[in-house]
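Read through the structure below, which is laid out as structure tokens, and then see the notes.
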Number of protein chains: 2
Amino acid sequence: MEKNNFKILVVDDEPDIVEFIVYNLKREGYEVSSAHDGLEGIKVAEKVKPDLIVLDIMMPRLDGVEVCEHLRRNPTFKNTLIIFLTALGDEQSEIKGLNAGADDYIVKPIKPKILLTRVKALLRRLSPDEVSGKNQIGDFIIDTEQYLVHYKKDHYSLPRKEFELLNLLISKPGKVFHRDEILNKVWGTEVIVGDRTIDVHIRKLRQRFGDDHISTVKGIGYKFEA
Amino acid sequence: MEKNNFKILVVDDEPDIVEFIVYNLKREGYEVSSAHDGLEGIKVAEKVKPDLIVLDIMMPRLDGVEVCEHLRRNPTFKNTLIIFLTALGDEQSEIKGLNAGADDYIVKPIKPKILLTRVKALLRRLSPDEVSGKNQIGDFIIDTEQYLVHYKKDHYSLPRKEFELLNLLISKPGKVFHRDEILNKVWGTEVIVGDRTIDVHIRKLRQRFGDDHISTVKGIGYKFEA
DNA sequence: AATGATCCTTAACTTTTACTTAACACAGTC
DNA sequence: GACTGTGTTAAGTAAAAGTTAAGGATCATT
């Protein structure tokens, strides 16, 4: 069981279904809470501030669409992901749900695999900074797992700082990274290094891969040219 | 037809389906391009940099899942939304698709309403990011993230003060900015510079973009002409 | 623990670029 | 026609980044 820190709230009036979903989500390492109708759902949501809510549409007291609309009005939940559960073929609910601000819906009966992949797909969007795996742009492929940079059919094993600097710049091609930002993300907030340190590492990257890929924006910082 | 600036790419090997989807999206005001197989899809994507891609899974040359995986490796497309088209009940593709980094999928046969509400739901999530960092007026686009000024299909990398001055004036087209105000906002309160300094920077901007965009209000300051 | 290799940071120096100034020209106003 | 505010230009100055080599830190190897 991998560890991840996402909080998920499951709201449905049928206890069996809640249990079934909660069980599957917990097995994946999510932190799961639950509620059994719309009103309770809102209360729990306000308390635990989940990253994602699995929300049944047909419920007593307050249906899923209303819950969704209510939550979306609150800035706290503007970026909370919401997945609806709908009865098979209920196209109307589906449209209403998405219009109410939901991010996805799943048709009952629920298949665990489908549920989990969709949850994962949505949550991935929540942590965009994560640069795991491979990162390709132009002639470059950055392999963060192996700490390797593939460039034009060759591959290089860069020193750590050089690698992290390049990886940072490449993570958003074209974006100008302020020197402060670079220091924070590559060197961390605690360490204080001199002004020329960044330059020296930039220079090494330019020596390796040519001057055309990293450009200077004077007074601001550096950027990777797409 | 409302105006929105989102670019959508449709990739499917069946011309009828492409046409059908393109027609529906265009009616909503989206800027739509299309491709007829995976390889072409990637090429077009790299050219137009769409905000969202509607991607068929079953295609010759390169199937949708592969296209998706390829694109996701490139930081440029890290936040590009991807919707898969799958045949009815093909649960395996669905899971593979979402694992490959898709944001949603739609089961064929496609119903326009479903397609459009889902497209809208996904794009809504994108908007706040898109807006920040870009400022468009007339022929100008100020990109503060890349520190670039796009002007009539060309782009310029201005020195800092010039950039900030232009950005200030353009932030409220038509408004007259007092010289004092300009000094405060661009130069800061601490620094004291001579009278002619502003003029010189205004002049540089006029040299670059022509005299028609920035006009002098004698005794007061300058303004950007909309 | 000693060795050697690699990597990181620094400091001094050079180069480049951007910014400011000063001197003067011009235009409109009283 | 003196005054005020802005336009223009080129030259001087300041600031940021580039470059280099050297010293120290770190790490793997023996």
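Within every chain, numbering begins at 1; the chains are lettered A, B, ... in the order of the sequence lines, protein sequences first and strands thereafter. Not measured: the values here are computed from a predicted model. Because only heavy atoms are used, hydrogens play no part in the values below, and waters and symmetry mates are left out as well, while side chains stay in.
For B:Glu162, the side-chain hydrogen bond (donor to acceptor under 3.5 Å, both in side chains) partners at least two apart in sequence or on another chain are B:Arg208. With sequence neighbours left out, the side-chain contact (heavy atoms from CB on, under 4.5 Å) criterion links A:Phe209 to A:Phe140, A:Val149, A:Tyr151, A:Tyr156, A:Leu158, A:Leu166, A:Leu205, A:His213. A:Lys218 pairs by the side-chain hydrogen bond (donor to acceptor under 3.5 Å, both in side chains) definition with nothing, not counting sequence neighbours. Under the side-chain contact (heavy atoms from CB on, under 4.5 Å) criterion, A:Arg196 pairs with A:Arg179, A:Asp199, sequence neighbours left out. A search for ring pair (Phe, Tyr, Trp, His ring centres under 6.0 Å) contacts involving B:His155 returns B:His150, not counting sequence neighbours. Checked against side-chain contact (heavy atoms from CB on, under 4.5 Å), A:Glu46 has the following partners two or more places apart in sequence or in another chain: A:Ile42, A:His70, A:Asn74, A:Phe77. Residues forming a side-chain hydrogen bond (donor to acceptor under 3.5 Å, both in side chains) with B:Glu19 (at least two apart in sequence, or on another chain): none. Listed by chain and residue number, nothing satisfies the ring pair (Phe, Tyr, Trp, His ring centres under 6.0 Å) test with A:Tyr23 (two or more places apart in sequence, or in another chain).
One interatomic measurement links the two molecules: CZ of A:Phe163 to P of C:dC8, which rounds to 13 Å at whole-angstrom precision. A:Tyr156 places its OH atom 15 Å from the P atom of C:dC7, with the value rounded to the nearest Å. The CG atom of A:Asp199 sits 14 Å away from the P atom of C:dA11 (whole-angstrom rounding). Rounded to an integer number of Å, the gap from CZ of B:Arg203 to P of C:dC19 is 16 Å. Summarising the geometry, the separation between CG on A:Asp211 and P on C:dT16 is reported as 13 Å, rounded to the nearest angstrom.
Rounding to the nearest 0.5 Å gives a distance of 11.0 Å between CD of A:Glu28 and CG of A:Leu123.
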Exercise. If a protein heavy atom is under 4.0 Å from the base, mark B; if only from the sugar-phosphate, S; if neither, -; do that for nucleotides 20-30 of chain C going 5' to 3'.
Key: BB-B---B---
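First and last contacting nucleotides of DNA chain D toward chain A (any atom under 4.0 angstrom from a heavy atom, 5' to 3' order): D:dA15 to D:dT20.
Between B:Val217 and A:Thr216, the residue whose closest nucleotide on DNA chain D is further toward the 5' end is B:Val217.
Salt bridge status for B:Arg72 with B:Asp103: present, with a side-chain N to carboxylate O gap under 4.0 Å.
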Self-check item: Dot-bracket notation for DNA chain C, counting Watson-Crick and G-U pairs under 3.5 Å, with | for partners on another strand
Solution: ||||||||||||||||||||||||||||||
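Heavy atoms of B:Tyr222 sit under 4.0 angstrom from primed sugar atoms or phosphate atoms, though from no base atom.
A ring-ring contact (aromatic ring centres under 6.0 Å, His included) check over residues 158-184 of chain B, counting only residues at least two apart or in different chains, returns the pairs B:Tyr147-B:Phe163.
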